[in-house]
Amino acid sequence: MSDGVHQDGVGEPDDLDRLWTPHRMAYIRGADKPADASSEECPFCRIPTLPDDEGLVVRRGELAYAVLNLYPYAPGHLMVCPYRHIADYTETTDEEAAEIATLTRGAMRVVRSVSGAAGFNIGMNQGHIAGAGIAAHLHQHVVPRWPGDQNFMPIIGKTKTMPELLAETRCLLADAWAELSQAR
Ligand SMILES: [Zn+2]
């Protein structure tokens, strides 16, 4: 493996470099930007209707769920979304806000346990002006960080494609999450 790229977050360490082709999977799934802000056009409304392996859902709660990002900033980049099509954090009920918090903590525990992430960036972009890609449906980013991870993108290479990586990552995290919650 190249210097500075430590990818425990995507599975068993191996010596394959990764081909960064998230656009291909997005194309396959028709997951491009929604045409408007309606729930019919909304990927975060559609994802929970799909089987977990197709939607890349890692964990389902009562009111919210955790899903892998199709355009990860880092391996294991998750998002926690309410099922309800609401845009703004102030629109959440107390119960939704509580479950988003619970799933966010769960995501941190799981990603840390499988990948030894050194840190996290956690947060919500509220509105297009603030950088939300899909502003119509609230989502909280959980982005694991490793030393040197800003060097990830230039060092990509050979064998594995992002769709395979994302599928593997989803299985790994979903299984680990189920195990961790049994142990609690
Ligand atoms: Zn939605």
Side-chain angles (χ1 to χ4, degrees), residues 9-10 20-111 120-145 161-178 180-181:
V10 294
W20 187 268
T21 57
H23 56 281
R24 178 179 299 172
M25 184 166 216
Y27 175 77
I28 290 167
R29 295 194 170 159
D32 287 327
K33 286 281 170 65
D36 58 47
S38 69
S39 68
E40 289 72 32
E41 285 287 322
C42 177
F44 293 128
C45 287
R46 186 161 48 89
I47 284 166
T49 70
L50 301 171
D52 287 355
D53 58 344
E54 275 182 45
L56 297 175
V57 170
V58 172
R59 188 77 177 175
R60 291 174 189 260
E62 296 281 315
L63 302 170
Y65 67 97
V67 61
L68 280 182
N69 195 317
L70 269 179
Y71 305 93
Y73 304 152
H77 177 176
L78 290 161
M79 295 171 300
V80 177
C81 314
Y83 293 117
R84 221 154 52 90
H85 186 73
I86 51 174
D88 200 273
Y89 189 45
T90 62
E91 296 174 71
T92 54
T93 63
D94 289 349
E95 291 77 17
E96 282 168 333
E99 195 167 52
I100 289 167
T102 300
L103 287 169
T104 300
R105 293 195 300 256
M108 288 181 65
R109 290 190 185 106
V110 167
V111 171
F120 291 89
N121 291 111
I122 290 174
M124 305 177 190
N125 300 326
Q126 295 280 264
H128 289 296
I129 190 80
I134 297 165
H137 195 131
L138 183 68
H139 51 286
Q140 167 133 283
H141 293 272
V142 179
V143 184
R145 302 300 304 266
T161 62
M162 274 311 289
E164 290 168 328
L165 274 188
L166 288 166
E168 285 174 22
T169 305
R170 193 209 68 80
C171 285
L172 184 74
L173 293 177
D175 292 350
W177 203 321
L180 269 188
S181 40

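Since the model is a prediction, treat every value here as computed from it, not as a measurement. Values below: all heavy atoms of this structure, side chains included; hydrogens, waters and symmetry mates excluded. One-based numbering, in listed order, for ligands and for the atoms of each.
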task: For the residue pair Val67 and Arg170, establish whether any side-chain heavy-atom pair is separated by less than 4.5 Å.
output: no

message: Whether the side chain of His85 engages the backbone of Phe44 through a donor-acceptor N/O pair (distance < 3.5 Å, no angle test) should be reported.
response: no

message: Does Tyr83 form a side chain to side chain contact (heavy atoms under 4.5 Å, CB included) with Arg60? I'd like the steps, not just the answer.
response: CA-CA 10 Å; Tyr83 293 117; Arg60 291 174 189 260; 3.4 Å; yes

- request: To the nearest 0.5 angstrom, please state how far the CG atom of Asp36 sits from the SG atom of Cys42.
  value: 10.0 Å

message: A side-chain contact here means heavy atoms from C-beta on lying under 4.5 Å apart; do Asn121 and His141 qualify?
response: no

message: How long is the straight-line distance from CG of Leu138 back to CE of Met124, given to the nearest 0.5 Å?
response: 5.0 Å

Count of N, O or S atoms belonging to protein, less than 2.8 Å from the Zn ion (ligand 1): 4

